[in-house]
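Order of the sequence lines fixes the chain letters, A, B, ..., with proteins taken first and strands second; residue numbering starts at 1 for each chain. Small disclaimer: the values here were computed from a predicted structure and weren't measured.
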There are 2 protein chains.
Amino acid sequence: MSGKVEMVTMRDVAQASGFSPATVSIVLNNAPLARYIAPATKKRIEDAARKLGYRPNAMARFLRSRRSQTVGVMIFDITDPFCTPVLRGIENALYQSSYVPIFADAHNQRSRFERYLEMLLEHHVEALIVVANWLFVDIQLLADLSKRNITAATIGWEVPGDSVSSVMVDNEAGGRLALEHLYHLGHRKIAVIRGPKMLIDSGPRWKGVQKFAHSVSLELDPSLVAQLPDELEANSGFEGGYRFTEELLERKKKFTAVLAFDDLTALGAIRALTKAGIKVPEQCSVVGFDDVPLSALAAPSLTTVRQPLEAMGNLAASTVVEGIKAGLEKRDWSISRHKMPPELVIRDSTKAVPAAATMG
Amino acid sequence: MSGKVEMVTMRDVAQASGFSPATVSIVLNNAPLARYIAPATKKRIEDAARKLGYRPNAMARFLRSRRSQTVGVMIFDITDPFCTPVLRGIENALYQSSYVPIFADAHNQRSRFERYLEMLLEHHVEALIVVANWLFVDIQLLADLSKRNITAATIGWEVPGDSVSSVMVDNEAGGRLALEHLYHLGHRKIAVIRGPKMLIDSGPRWKGVQKFAHSVSLELDPSLVAQLPDELEANSGFEGGYRFTEELLERKKKFTAVLAFDDLTALGAIRALTKAGIKVPEQCSVVGFDDVPLSALAAPSLTTVRQPLEAMGNLAASTVVEGIKAGLEKRDWSISRHKMPPELVIRDSTKAVPAAATMG
DNA sequence: GATCTGCCTTGAAACGATTCAAACAACGGA
DNA sequence: TCCGTTGTTTGAATCGTTTCAAGGCAGATC
């Protein structure tokens with residue numbers, strides 16, 4: 001209860017057990033040489049370590065072995081509800097492999113991203129996972145990492161070249177799923193809110209929508225289609241969805257459904273509809289994209305195209321851990337590019353189109 | 001573009017600049033001795049470092065100086081929307097001081113908490129911030145940390161004794177604020193959903209509610225008061241709020257407002273009311289607590305008692321950084337216990353009680 | 001010319017682990 | 001007795017910094 005606890009070092013364990021530090025190291029790490037160590041020796045060393053409460057010093061270990069047991073996790077904006085499940089997935093996978101995540105939040109700022117990258121490199125992370133949803137393109141990143149052979153993976157984003165693994169949702173399939181759902185419910189006049197140009201997701205999703213429309217000869221009225229502006233604010237989608245929907249209503253456009261770029265946009269659209277006295281889903285259906293956690297809690301709960309966010313985080317982390325292992329064992333290893341299948345989650349914000357459209 | 005980049009060490013900088021590693025270290029760290037170094041020398045060393053792209057090796061530095069530039073951030077469950085803003089606040093403050101957060105998510109499991117604590121100690125974090133909202137009480141934690149003199153702070157929680165700083169909201173004042181608001185809107189028949197016993201917040205909030213009720217001679221009908229069960233699931237509050245409200249309605253209880261333990265509970269209550277055809281806020285007001293990010297997006301947007309979550313994270317982080325500094329300079333330093341003032345945020349889920357109550 | 005004073009700069013010892021080549025002990029066979 | 005073998009254990013170097021007592025070198029003082 002009084003003075004500081006002196007750190008217990010390997011030397012202490014060696015002394016206590018009567019063997020040399022070398023032997024202790026070999027036993028405690030179960031290094032290859034451990035197979036030559038007498039069982040009795042192992043036991044005595046392990047007992048001593050336990051008794052003294054020995055904890056290896058991660059830093060000292062690193063210095064010799066080049067292993068920091070640390071992975072950098074760079075998030076573009078933790079405030080975005082998209083990130084939380086992804087982070088959970090990453091954390092969980094790393095935990096299984098006894099890696100510790102160093103958390104970096106870029107706040108959507110490039111300068112912050114770079115400074116954090118610098119810090120992560122100083123801490124010699126063994127791998128880097130970047131959760132981003134737009135084009136942070138950074139050649140420096142690519143060069144720095146692959147040269148220092150730090151395995152890296154991105155989530156929701158892809159880096160050109162073949163040095164970084166990636167995990168994404170199949171956006172095109174997702175776009176298709178969303179429109180297909182509305183179409184099968186009988187909707188024909190559908191407003192579409194496309195994502196900002198700067199987001200990599202926007203293009204493919206829209207393509208999926210168009211392709212499906214084409215396949216069933218559905219004409220998408222261009223005056224019902226809008227594109228969200230490029231914005232860095234985390235919740236700007238909500239605003240955007242709200243404004244565009246409001247505008248459509250003011251212009252007295254007719255539509256029975258809104259296909260929104262993502263869940264926040266959908267929520268914004270719903271807010272505008274509700275405010276104008278239009279009931280969702282009775283008078284107008286709304287479908288989102290992502291299935292962020294709050295979508296299930298919203299009122300009405302949101303029909304959406306689900307990205308398996310936690311699984312994506314998990315996969316990315318497992319991938320880099322695999323990459324680290326391969327590097328250690330000097331095995332060959334090539335990056336992977338995963339496209340996860342999206343899944344339609346039907347909740348309360350969509351409904352079959354009423355026999356007679358009630359909106360004007 | 002070919003082989004790996006060899007690490008640039010301080011020795012390389014020394015060689016390139018024509019000085020010794022000692023001098024380089026002194027200059028690059030701007031150590032006390034730096035005031036004796038000739039300006040020209042400094043410049044040459046700094047130039048060389050820049051040119052070679054020298055990056056200090058955090059591990060090696062630690063080994064000598066005992067400073068890992070690392071702070072452990074233990075979160076009880078990142079899935080809880082409460083945590084995100086807090087995490088943001090912590091991250092931001094640490095970033096300002098060039099500390100890097102090591103992220104640990106206990107998933108509400110004690111075993112995981114302990115394992116992570118172990119890992120954080122191995123990585124020699126210079127401080128620990130624990131975001132928890134219930135009694136994880138752990139004597140081990142206390143002993144281990146203060147003995148190894150690692151400064152620690154908790155958020156939303158307090159540790160007995162005087163070794164750990166804490167930042168909390170003033171729950172009692174918050175409870176008061178919530179009821180006061182409803183009362184001033186004219187509500188008299190108010191259902192109250194108290195928090196789970198295991199949460200430290202529950203008691204004081206309820207106490208605040210009671211005190212205010214007493215001060216205005218308002219009688220709280222015990223049959224309109226429920227307590228959420230002890231549950232570890234992150235979103236269990238929603239379920240709880242839903243179920244209790246549903247039950248009240250089934251029992252045909254009369255009330256014009258619900259005072260919920262937290263935002264999720266409030267959202268659950270709203271869901272139940274809406275499902276029963278009762279309009280919020282026209283027929284029934286609902287007030288939450290916390291002001292988690294999704295409260296503003298919910299429909300109707302939620303009136304709630306705001307905890308300054310980001311500020312709380314920020315404060316906790318600044319506090320431990322201060323503690324680290326004090327320790328380094330062998331200054332005296334005593335822990336602090338902050339109680340942040342809550343703030344009523346009026347949105348769309350509350351309204352003056354109608355002249356004639358319409359509910360049965 | 002010896003000694004003293006500042007100024008700058010540096011040698012060398014840590015820090016706590018890992019890693020091999022090498023040492024050691026014991027034993028059987030020649 | 002000597003050698004080789006087998007089965008265990010270890011000495012000593014090393015990783016990249018930091019730190020501080022000590023060193024070198026002008027110029028000033030006696």
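- Contact annotation: the side chain of Ser25(B) approaches that of Met10(B) to within less than 4.5 Å [non-hydrogen atoms, C-beta and beyond].
- Atom-to-atom, NZ of Lys42(A) to P of dT9(D) comes out at 10 Å; the value is rounded to the nearest Å.
- Chain A approaches DNA chain C over the interval dG16(C) to dC20(C), counting the first and last nucleotide 5' to 3' with an atom under 4.0 Å from its heavy atoms.
- Along DNA chain C, the nucleotide closest to Pro21(B) and the one closest to Ser65(B) are compared, and the more 5′ of them pairs with Pro21(B).
- For the pair Arg112(A) and Tyr95(B), the cation-pi test (distance below 6.0 Å, angle within 45°) is passed.
- dT10(D) atom C1' lies 14 Å from atom CZ of Arg11(A), rounded to whole Å.
- Nucleic acid contact for Thr9(A): sugar-phosphate only, since backbone atoms but no base atoms lie under 4.0 Å from a heavy atom of the residue.
- Gln69(B) has its CD atom 10 Å from the P atom of dT18(D), to the nearest Å.
- A cation-pi arrangement, defined by a distance under 6.0 Å to the six-membered ring centre and an angle within 45 degrees of its axis, is absent between Arg50(B) and Tyr54(B).
- dG16(D) atom C1' lies 7 Å from atom OH of Tyr54(B), rounded to whole Å.
- Remark: Arg115(B) is not positioned above the aromatic ring of Phe113(B), lacking an NZ or CZ atom under 6.0 angstrom from the ring centre and at most 45 degrees off the axis.
- In this structure, CG of Leu33(B) is placed 14 Å from C1' of dG23(D), rounded to the nearest angstrom.
- A close approach under 4.0 Å does occur between a side-chain nitrogen or oxygen of Thr23(A) and OP1 or OP2 of dT10(D).
- Judged purely by distance below 3.5 Å, without hydrogens or angles, the side chains of Arg88(A) and His107(B) pair a donor atom with an acceptor atom.
- Tyr36(B) has its OH atom 13 Å from the P atom of dA21(D), to the nearest Å.
- Between the CZ atom of Arg66(A) and the P atom of dT14(D) there is a distance of 14 Å, rounded to whole Å.
- Residues Val321(A) and Leu94(A) form a side-chain contact, since some pair of their non-hydrogen atoms from C-beta on lies under 4.5 Å apart.
- Among the protein residues, Ala38(A) comes within range of the sugar-phosphate backbone only, with heavy atoms under 4.0 Å from sugar or phosphate atoms but none that close to a base.
- Within the structure, a side-chain polar atom (N or O) of Asn29(B) is placed less than 4.0 Å from OP1 or OP2 of dT18(D).
- Mapping Ile37(B) and Leu63(B) onto DNA chain C by nearest heavy atom places Ile37(B) at the nucleotide closer to the 5' end.
- Heavy atoms of Phe19(B) sit under 4.0 angstrom from primed sugar atoms or phosphate atoms, though from no base atom.
- Atom OH of residue Tyr99(B) and atom CE of residue Met119(A) lie 10.5 Å apart, to the nearest 0.5 angstrom.
- Between Arg61(B) and dT18(D), a side-chain N or O to OP1/OP2 separation shorter than 4.0 Å is present.
- Comparing dT18(D), dG16(D), dT10(D) by their closest approach to the side chain of Met7(B) singles out dG16(D).
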